[in-house]
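Here the structure comes first, spelled out in structure tokens, and everything after it is commentary.
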Amino acid sequence: MQDLIASLKGAGKEYKVGDQVITALQPTDLEVHQGELTLIIGPSGSGKTTLLSLLGCVIYPSFGDLWVDGNHVNEMKPKTLASLRLNKIGFVFQNFNLLAPLNAEENVAMPLRMQGLPRAEIKSKVQSALELVGMMDRRKSLPKQLSGGQQQRIAIARALVTEPKLILCDEPTASLDKNSMGIVMRELKNLAEQGKAVAVVTHDPRLKEYANRIIEVENGIAREITTF
């Protein structure tokens, strides 16, 4: 079995709305390992994004325990948690979230600048990340000069430039045509095969063919439905 990167043990999330308590995610047991692409599927409002937010250390669990890269998230202070997100987790979003005034390589460099790395090291890491997704030839292009698929590949390069152990993707292909979807999913699958832990939230059943494991979330309940 590959190295364990994240683990939920009876973990879930509740929100208080007025005098009501809304359970977004029921108690969940889940492990995420290196070398696997885990697909998290379910309809809108099912709790799958809540599950991804827990794995990404964006929110704390309301109950149960969450571990990420050996760290017990429940006990971590917000500043320490932010450092964990920056250094250990890469995020890829549906709408790419690229900064419009910056070109491709400047967008990819942003997390490294936040880490305070030397300029020469940033340049080397950015080049490696862009080469990995086949986008070095567009490194000087602004987001508006790139297709949706190209923008998402730049977003993937930005997610992996810090060499995170865990890459989390929220509907990464929802804005893409079929051809671009295939390119992006093959990139993500390749990252998993190189040893990353990759988790992808989607409502698109076409992505199942790329998954090593599939977690279905419905009415706040997560369960594994397929193992390849």
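All values below were derived from every heavy atom in this structure, side-chain atoms included, with hydrogens, water molecules and symmetry-related copies excluded.
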Is any side-chain heavy atom of [Y] closer than 4.5 Å to one of [X]?
X	Y	result
Arg158	Pro111	yes
Leu176	Val184	yes
Thr173	Arg206	no
Val200	Pro172	yes
Leu132	Gln194	yes

Legend entry - Within 45° cone and under 6.0 Å: Lys13 NZ/CZ vs Tyr15 ring: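 Relative to the ring axis of Tyr15, which defines the angle, Lys13 lies inside both limits.
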Nearest 0.5 Å please: distance from the [atom1] atom of [X] over to the [atom2] atom of [Y].
X	Y	atom1	atom2	answer
Glu31	Glu36	CD	CD	9.5 Å
His33	Asn212	NE2	CG	11.5 Å
Leu8	Leu51	CG	CG	6.0 Å
Asn107	Leu99	CG	CG	5.0 Å
Leu30	Ser7	CG	OG	7.5 Å

Is a donor on one side and an acceptor on the other found under 3.5 Å between the side chain of [X] and the backbone of [Y]?
X	Y	answer
Ser147	Gln150	yes
Lys88	Pro164	no
Gln20	Val17	no
Gln151	Leu146	yes
Asn74	Gly64	yes
Gln152	Phe93	yes
Ser83	Lys79	no
Ser62	Glu14	yes
Arg138	Met135	no
Asp177	Asn179	yes

How far apart are the closest heavy atoms of [X] and [Y], and which atoms are they?
X	Y	value
Lys48	Thr202	CE-O, 3.6 Å
Leu160	Ala129	CD1-CB, 3.7 Å
Met185	Leu37	CE-CD1, 4.2 Å
Pro43	Val217	CD-O, 3.8 Å
Ala6	Leu55	CB-CD2, 3.8 Å
Thr28	Ala222	CG2-CB, 3.9 Å

Inset, instruction - Could you walk me through whether Asp69 and Lys165 pass salt bridge (charged side-chain N to carboxylate O under 4.0 Å, His left out), step by step? - result: CA-CA 8 Å; Asp69 195 35; Lys165 294 184 177 181; 3.0 Å; yes
Inset, instruction - Considering only NZ, NE, NH1 and NH2 on the basic side and carboxylate oxygens on the acidic side, decide whether Glu163 and Lys125 come within less than 4.0 Å. - result: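 A salt bridge links Glu163 with Lys125.
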Legend entry - Residues, nucleotides or ligands: over 12 heavy atoms within 6.0 Å of Asn190 CG: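 It does: Asn190 CG has more than 12 such atoms within range.
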Legend entry - side chain to side chain donor-acceptor pair (under 3.5 Å) assessment of His72 paired with Asp65: CA-CA 7 Å; His72 191 202; Asp65 293 285; 2.8 Å; yes
Legend entry - Non-neighbouring partners of Asp170 that pass salt bridge (charged side-chain N to carboxylate O under 4.0 Å, His left out), sequence neighbours left out: none
Legend entry - Lys144: salt bridge (charged side-chain N to carboxylate O under 4.0 Å, His left out) partners, not counting sequence neighbours: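 Checked Lys144 against salt bridge (charged side-chain N to carboxylate O under 4.0 Å, His left out); zero matches.
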